[in-house]
Amino acid sequence: MTDQVRVRFAPSPTGDLHVGGARTALFNWLFARQHGGAFILRIEDTDQVRLVGQSIAGIIESLRWLGLHWDEGPDIGGPYGPYVQSQRLPLYREHAERLVLAGQAYYCFCTPERLERVRQEQRARGEPPGYDRHCRYLLPAAVEERLARGEPAVIRFKMPLEGETTIVDLLRGEITYENRLLQDLVLLKSDGFPTYHLANVVDDHYMRISHILRAEEWIPSAPLHYQLYHAFGWEMPVLCHLPLILSPDGKGKLSKRHGATGVLEFKRQGYLPEAMINYLALLGWAYDAEQEIFSREELIEKFRLEEVNPHPARFNFEKLLWMNQYYINHVLSLDDLARRCVPLLQEAGLVPLEASDPSTPAYAYVREVVALVKDRLKLLTEVVDLTRFFFTEVEDYDPELLLARKVEPETMLYALERVIETLRTADFSDEADLERRLRGLAEELGLKTGQLFMPIRVAVTGRTVSPGLFETLRVLGRECSLTRLAAAREKLAEYLPRRAAAG
RNA sequence: GCCCCCAUCGUCUAGAGGCCGAGGACACCACCCUUUCAAGGUGGAGAUCGCGGGUUCGAAUCCCGCUGGGGGCACCA
C-alpha cells in the first residue's frame, strides 16, 4: 500500500453538476493538490434509467470552468482506466460472482413487485423497510435450476447477522452500526450492471484511492462498504463525509426550486469561477477569525480537511453575490476583467470580433469603458446593460428627465446651450478640465451641481444612473458628447411647448 | 417507524477549560464621502453560546439526558 494521496470525484451523469457536487469536487481537489497527490475523475454511470446523455460533457465543462483539473479521467485516461464504469462491467460481474463462490453473496430472484409488497407490509407493521432475505436461504440446487432456466436474478451481499460494524470518519470519529439492522444490499442488478456500492468499492480499490471524500448522505451506506472491503480482503480507504449544503431556508438539501444550483447556470449568470471556489470553500471550512478571501493557491496551502465543520451549511446567495462583486471590484485586474467582458459585449452585438485581440483599439476602448463600471458590477453579465451607451446610440428617454426640480424649464434649456458652448472648447482627454468648466458653469448659472449634472448625464447616457459624469464624457469623447448634448437640446426645445400646453 | 449525523448573532463562521461581559463576514440601520448609482470609511443593532443536569476553583469549550434540525432506510447514486 502506497501512502500517496489519491482521491476521486465520482459524479453520476444524471444531470448538471450542482454546487453540492462542485463543493465535493473542490475539497477533493484541494486535498490532492496540497498533498501532491492525484485527483481522479470517474464517471459512475451504472444507472441506465436515470442516465442523461449530455451530462458528462456538462460535468466536464463545469469542472474545467472552476479550474478543478484532474490527473486521471475519462477524457485523458490514466494507469487505472477506464474511468467510466459502464466500460468496466466484466470486472464488477467477476467480483460479484467471486463473492457468491466464497459464500459471501447469493442470487436473489425476488421480483420488484414482491420487494415492494414486503416493504409495504413492514411499514404497516411499523418495522424498518428492507429486504427480508427470502433468497438467502434457497437451496443450491434450486438456485442452479432457476439460473439455468434464465430467470432474472440479482446478486446480493450476505451481511453478517450479528455483531457490529464500526467505521471511522475523519470528521466524526467512530460510528457504530448493529449488523442486524443492515441490509443485504444488491451488488449486481439483473441487467448486469453493478450497483453504486459494488462499483464504487471495486473501483476505489483498483484505482488505489487513499481517501474517500464524499457527501454526508453516504454515511449510512459506509458500514455496507466496510463489510464489502472486508469480504474482498481489501483495506478500506480513509473515510471523510462532507457536510451537506442545505437550502437557504435550511429545509432540506439545496435543490433547483431554490434558484440556480447548476454550476453552469452560475457561469451563465455572470459569476466568476474564482468567487464560486472561494465561496464554496468557506461553506464548512474557515481559516481563522479574519480572512475570507483566498486565492486558489492560498486555499491549497491553508485548507485543512480535518478542520471542516461537520454541521450542514445553508447556501447563501447574497453572500456569494457579494463575493462575486468583491472579486470584480478588488481582486481582478482591469485587463483580466476587460478580457472577460469582451465576449459578453460581442454577444450583445456591441463590440466587434477584433476586440478579442488586446492589441486592437477596439479592445483598448472596452478596457476604458470597463474601468468606469468596474466597481458597479455585481455580475459580469451586467456589463452589457451598464455600458451599452458607450457603444451605441442612447436609448430614447423621457425629456422630462432633462429638467431639474425647482429649476425653470427655460433655464434648463438655456443651461444646455451653455453646456454645449462650454464643452466645445474643452480638453476631453482631461477630466479635471471638464469638471472645472462644468462646475464653473453651474456656479455662474446659479444652479446646484446636481441640477446641472443630471441633465447632462441623461443627455449623454440616456440614463439617470451612470458612471461618474466627467470620466464618462472623457471616454465618450468630444464628438459623441457634443452630438448627444445637441440632440438633447433639440429634444427639450421640442418638448417644452407641448409640456406647457398640457399644463 | 427504525438507524445515523449535527447544534455559537437571521446566515456563513472564529472559538479546541480561564485571553469570551463571545471575534469576523454577509444581510440590515445610521452617519461620512459625493454629480447619479456604486465602491469606500466610521458607527450601530444583532448570540442569556438550543434546554436541563453533571465534571471542575473555573465550561461556548469535557460527559449524560432532552429538544430541535438534517440525512438515510431502492435492482438511484
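Chain letters run A, B, ... following the sequence lines, proteins first, then strands; residues in each count from 1.
Separating the P atom of G18(B) from that of U61(B) is a span of 12 Å, rounded to the nearest Å. Comparing the C1' positions of G21(B) and U48(B) gives an interatomic distance of 11 Å, to the nearest angstrom. Nucleotides U35(B) and C28(B) have their C1' atoms positioned 27 Å apart, rounded to a whole Å. For the P atom pair drawn from A7(B) and A16(B), the interatomic distance equals 16 Å after rounding to whole Å. One P atom belongs to A74(B), the other to G15(B), and the distance between them is 39 Å to the nearest Å.
Tyr92(A) and Phe193(A) have their aromatic ring centers separated by at least 6.0 angstrom.
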Nucleotide by nucleotide, 5' to 3', does protein get under 4.0 Å of the base (B), only the sugar-phosphate (S), or neither (-) in nucleotides 9-22 of chain B, counting heavy atoms? --SSSS--------

Going 5' to 3' through nucleotides 72-77 of chain B and flagging B where a protein heavy-atom sits under 4.0 Å of the base, S where only the sugar-phosphate is that close, and - otherwise, we get SBSBBB

For a quick check, with a 4.0 angstrom heavy-atom cut-off, what is the B/S/- contact string for nucleotides 34-47 of chain B, read 5' to 3'? -BBBBSS-------

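Enclosure of atom CD in Glu121(A) by more than 12 non-hydrogen atoms of other residues, nucleotides or ligands within 6.0 angstrom is indicated. Other residues, nucleotides and ligands place no more than 12 heavy atoms under 6.0 Å from the CD atom of Glu162(A). A 6.0 Å sphere centred on CD of Gln54(A) holds no more than 12 heavy atoms belonging to other residues, nucleotides or ligands. Few gaps surround CZ on Arg125(A); more than 12 heavy atoms of other groups in view lie less than 6.0 Å from it.
Nucleic acid contact for Lys251(A): sugar-phosphate only, since backbone atoms but no base atoms lie under 4.0 Å from a heavy atom of the residue.
Remark: the backbone N or O of Ser255(A) is paired with a side-chain donor or acceptor of His258(A) at under 3.5 angstrom.
With no hydrogens or angles considered, no side-chain donor-acceptor pair links Asp335(A) and Ser333(A) at under 3.5 Å. Side-chain contact, Tyr106(A) with Asp184(A): a donor N or O sits under 3.5 Å from an acceptor N or O.
In this pair, Trp218(A) and His225(A) present their aromatic rings tilted. The plane angle is within the 30 to 60° band.
Note that Arg156(A) lies in the cation-pi zone of Tyr131(A), set by a 6.0 Å cut-off to the ring centre and a 45° limit from the axis. In this structure, Arg474(A) is not positioned above the aromatic face of Phe470(A) in the sense of NZ or CZ being under 6.0 Å from the six-membered ring centre and within 45° of the axis.
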